[in-house]
Amino acid sequence: MFAKVKEIIDNGQDFFITTHIDPDGDAIGSVFSLYWVLTSLGKSATVYLKDQVPYRYEFLPGPALIRSVIPDESYDAVFVLDCGDLPRIGEGYENLKKAKMVVSIDHHNTNDGFGRINVLDADASSTGEILYGLYEYLGVSLSYEMAVNIYTAIITDTGSFRYENTNPKAFLICEKMLRLGVKPAEVSRMVHGNHPKERFLLLGQVLCTLRTFDEDKVAVAYITEEMFEKTHSTREYSDGFAELIREVRGVEVAALMRQVGDRRYKISMRSKGSVNVADICSRFGGGGHKNAAGCHIDGTLAEVEAKLLEATKR
Ligand SMILES: [Mn+2]
């Protein structure tokens with residue numbers, strides 16, 4: 001697959017790079033690193049993100065211009081990174097179906113193979129890890145800009161090497177990125193130690209809703225639109241709350257239910273060990289990884305919770 005991607009890059013000039021909505025560190029780091037790699041090869045690269053770069057990742061070096069509207073131009077190839085299906089790019093994704101070549105590079109095991117070329121590796125810790133292999137294959141000499149993006153992609157998707165997807169490659173690549181000048185404490189301070197106060201006020205409200213079921217094996221908490229308003233918070237301030245709830249002793253499955261409409265909730269599920277939350281979420285039309293997945297469920301809070309607990313119990 002790398003050979004095919006190399007051929008596409010060698011024979012093309014104008015490329016388009018994008019990822020999923022609500023981008024995380026792997027999404028942003030992957031997109032930005034590929035941007036630097038393509039430009040270092042003398043190619044032109046247009047970066048499109050439906051959503052703004054979250055505040056945690058604003059320190060990452062990226063293109064001067066990030067498009068938030070899909071330009072009406074044609075590209076030699078469209079790279080879709082860290083994204084399991086086209087609709088996850090966000091509204092307007094239909095325009096990309098017209099592209100003559102779509103290259104999907106991803107590690108979600110629920111990836112539906114939407115690309116013309118699919119570079120998929122569900123065993124990779126992150127899309128950043130797969131891309132590092134590609135850059136090595138392309139023979140690119142990595143700059144600091146590329147390194148800090150790859151490093152951030154890997155540490156955010158592995159929870160700083162704490163999650164089950166952590167593998168020897170993740171460590172090996174990060175060691176190399178350190179030798180290219182990446183400072184772990186600096187990255188960690190920006191990603192994990194630079195939150196607006198409002199995030200903690202919101203967290204306080206959310207933690208008050210925490211309940212456990214099935215002898216503490218299942219933990220559930222919720223966020224309402226009212227909590228966001230009361231604490232002057234936006235959606236990105238709640239990033240990481242589901243992971244936090246998973247830290248409760250004995251918990252195997254954690255679910256955070258975030259209100260996104262009058263009778264609609266976005267569910268973020270996290271698990272420890274063998275429980276596959278991607279399976280649970282796919283019952284509701286969502287997907288993700290074994291230990292981290294998401295979906296939407298319609299209903300009142302009580303109805304949504306009941307559906308979720310029922311599916312989890314099963
Ligand atoms: Mn990822």
Side-chain angles (χ1 to χ4, degrees), residues 1 5 17-35 37 47-51 53-54 56-57 60 62 79-90 93 102-115 118-135 146-174 177 187 191-192 236 239-243 246 266-271 276-279 281-282 286-295:
M1 279 303 161
V5 177
I17 315 170
T18 193
T19 182
H20 57 80
I21 49 169
D22 294 342
D24 52 22
D26 188 26
I28 300 287
S30 292
V31 167
F32 286 3
S33 74
L34 183 58
Y35 166 80
V37 165
V47 167
Y48 164 78
L49 296 176
K50 179 83 198 70
D51 295 323
V53 175
R56 299 158 173 249
Y57 308 118
L60 287 172
F79 287 93
V80 182
L81 311 179
D82 195 45
C83 188
D85 56 82
L86 269 185
R88 273 267 299 152
I89 293 171
Y93 73 89
V102 174
V103 181
S104 161
I105 303 179
D106 187 28
H107 68 128
H108 291 88
N109 53 15
T110 50
N111 188 297
D112 63 9
F114 62 85
N118 296 289
V119 184
L120 307 179
D121 182 359
D123 294 328
S125 64
S126 53
T127 301
E129 178 187 318
I130 303 174
L131 284 170
Y132 174 82
L134 173 67
Y135 304 157
M146 299 168 196
V148 73
N149 278 298
I150 295 167
Y151 178 84
T152 303
I154 294 174
I155 64 141
T156 51
D157 256 27
T158 61
S160 303
F161 309 117
R162 288 177 300 140
Y163 302 158
E164 322 252 350
N165 59 347
T166 305
N167 60 24
K169 258 192 189 164
F171 277 95
L172 220 79
I173 297 168
C174 286
M177 299 307 101
V187 173
V191 174
H192 301 114
E236 61 173 302
D239 270 357
F241 287 5
E243 284 84 354
R246 175 172 58 183
K266 165 79 208 291
I267 315 298
S268 296
M269 296 195 84
R270 301 293 182 265
S271 67
N276 189 333
V277 286
D279 275 355
C281 287
S282 65
H289 308 284
K290 190 178 92 181
N291 298 118
C295 61

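Indexing begins at 1, ligand by ligand and atom by atom, following the structure's order. FYI, side chains are in, hydrogens and waters are out, and symmetry mates aren't considered; it's all heavy atoms of this structure.
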Determine yes or no for a side-chain-to-main-chain donor-acceptor pair under 3.5 angstrom, with Y135 supplying the side chain and L34 the backbone. yes
Please check if the side chain of N118 supplies one atom and the backbone of G115 the other of a donor-acceptor pair under 3.5 Å. yes
Could you check whether the rings of H107 and H289 sit parallel, tilted or perpendicular, using 30° and 60° as the cut-offs? tilted
Angular separation of D26 OD2 and H107 NE2 about the Mn ion (ligand 1), given to 10°: 90°
Check D157 and report its N/O/S atom nearest to the Mn ion (ligand 1), by atom name. OD2
From the N, O or S atoms in D82, identify the one nearest to the Mn ion (ligand 1). OD1
Taking salt bridge (Lys or Arg N to Asp or Glu O under 4.0 Å) as the cut-off, I'd like each qualifying pair that reaches into residues 148-163, sequence neighbours left out, listed once. R162-E247
